[in-house]
Amino acid sequence: MTETGRKRPLLAVVLAFIFPGLGHFYLRKWGRGLLWLGLLFALSVLFVVTGAIDPVTDLTIDAISSSYQSRPTEVTIGSVVITTLNVVDAYWVAVKENQTQEVEAGTTCPNCGKELDQDIDFCHWCTTQLEPVEPDQQ
């Protein structure tokens, strides 16, 4: 029972875990996605160990592996924190966007989020008075 505009929060989480910003790109939140991507890039650039790899001669698996292992602990912790916050934000944005679409469609209560009966003008779960939704005029 999916609508055309609904987003999958789990897919956004998986994409955000694979690479920060990817989940937001799936949700079409371009600015947020670029922000997360830029934040990870800034962390990498600020704390990179200069001279660890000579890109001309040392582009071997062993050289890249030793460079990766010699990076500061702050970079590893920062990457984990950024990725975790990115995953949580992607999930939160997907869920909120789906709730907003359901409320705009008039299928759920804006107060409690439960399903509404279309024949009455209040929520029979929390008794919130609902405003009538007028069809769009062109």
Side-chain angles (χ1 to χ4, degrees):
M1 195 162 109
T2 60
E3 300 172 12
T4 57
R6 282 187 64 84
K7 300 294 183 183
R8 298 180 191 164
L10 185 60
L11 180 58
V13 164
V14 169
L15 290 171
F17 183 74
I18 291 172
F19 199 79
L22 214 53
H24 292 87
F25 293 151
Y26 161 71
L27 298 171
R28 297 181 186 259
K29 301 294 182 185
W30 309 112
R32 266 191 148 136
L34 288 174
L35 177 73
W36 285 110
L37 184 62
L39 193 60
L40 184 67
F41 181 72
L43 177 77
S44 300
V45 168
L46 289 176
F47 290 106
V48 72
V49 179
T50 57
I53 294 180
D54 182 16
V56 177
T57 60
D58 289 339
L59 207 53
T60 63
I61 298 295
D62 293 332
I64 293 172
S65 176
S66 66
S67 171
Y68 182 78
Q69 292 172 354
S70 68
R71 70 183 182 161
T73 307
E74 295 86 14
V75 175
T76 304
I77 292 171
S79 297
V80 168
V81 168
I82 288 172
T83 302
T84 303
L85 292 175
N86 174 50
V87 166
V88 170
D89 186 53
Y91 177 78
W92 182 78
V93 168
V95 168
K96 283 296 192 187
E97 189 171 302
N98 287 341
Q99 287 176 350
T100 302
Q101 287 178 359
E102 289 173 355
V103 167
E104 287 175 357
T107 58
T108 61
C109 175
N111 187 37
C112 68
K114 294 187 178 179
E115 191 171 339
L116 293 174
D117 185 359
Q118 297 297 324
D119 298 331
I120 55 178
D121 60 349
F122 66 93
C123 175
H124 62 280
W125 298 103
C126 67
T127 67
T128 299
Q129 189 69 26
L130 304 172
E131 297 178 18
V133 178
E134 298 179 15
D136 294 336
Q137 297 177 358
Q138 294 181 350

Listing request: all salt bridge (charged side-chain N to carboxylate O under 4.0 Å, His left out) pairs with a residue in residues 80-93, at least two apart in sequence or in separate chains.
R32-D89
Check the hydrophobic clustering (I, L, V, M, F, W, Y; side-chain heavy atoms under 4.5 Å; chains of links allowed) and say if L22 and W92 are grouped together.
yes
Taking the side chain as C-beta and beyond, is there a heavy-atom pair between N111 and C123 under 4.5 Å?
no
With sequence neighbours excluded, give me every salt bridge (charged side-chain N to carboxylate O under 4.0 Å, His left out) pair touching residues 33-46.
none
side-chain hydrogen bond (donor to acceptor under 3.5 Å, both in side chains) partners for T84, two or more places apart:
none
For L35, the side chain to side chain contact (heavy atoms under 4.5 Å, CB included) test, sequence neighbours excluded, returns none
Identified side chain to side chain contact (heavy atoms under 4.5 Å, CB included) partner of S79 from the options V75, T76, I82:
V75
Can you hop from Y26 to L37 via hydrophobic side chains spaced under 4.5 Å?
yes
From N86 CG over to H24 NE2, what is the distance, rounded to the nearest 0.5 angstrom?
5.5 Å
Qualifying residues under side chain to side chain contact (heavy atoms under 4.5 Å, CB included), relative to L27, sequence neighbours excluded
K7, A12, K29, V93, A94
Among all residues two or more places apart in sequence or in another chain, which pass the ring pair (Phe, Tyr, Trp, His ring centres under 6.0 Å) test with F25?
W30
What salt bridge (charged side-chain N to carboxylate O under 4.0 Å, His left out) pairs are there with at least one residue in residues 13-24, not counting sequence neighbours?
none
Using the test side chain to side chain contact (heavy atoms under 4.5 Å, CB included), find all partners of V81 that sit at least two apart in sequence or belong to another chain.
I77, L85
Can you sort out the partners of F122 under side chain to side chain contact (heavy atoms under 4.5 Å, CB included), two or more places apart, ordered by chain and number?
I120, H124, Q129
Ignoring hydrogens and angles, write down the donor-acceptor pairs under 3.5 Å from the side chains of residues 14-21, residues two or more places apart or on other chains.
none

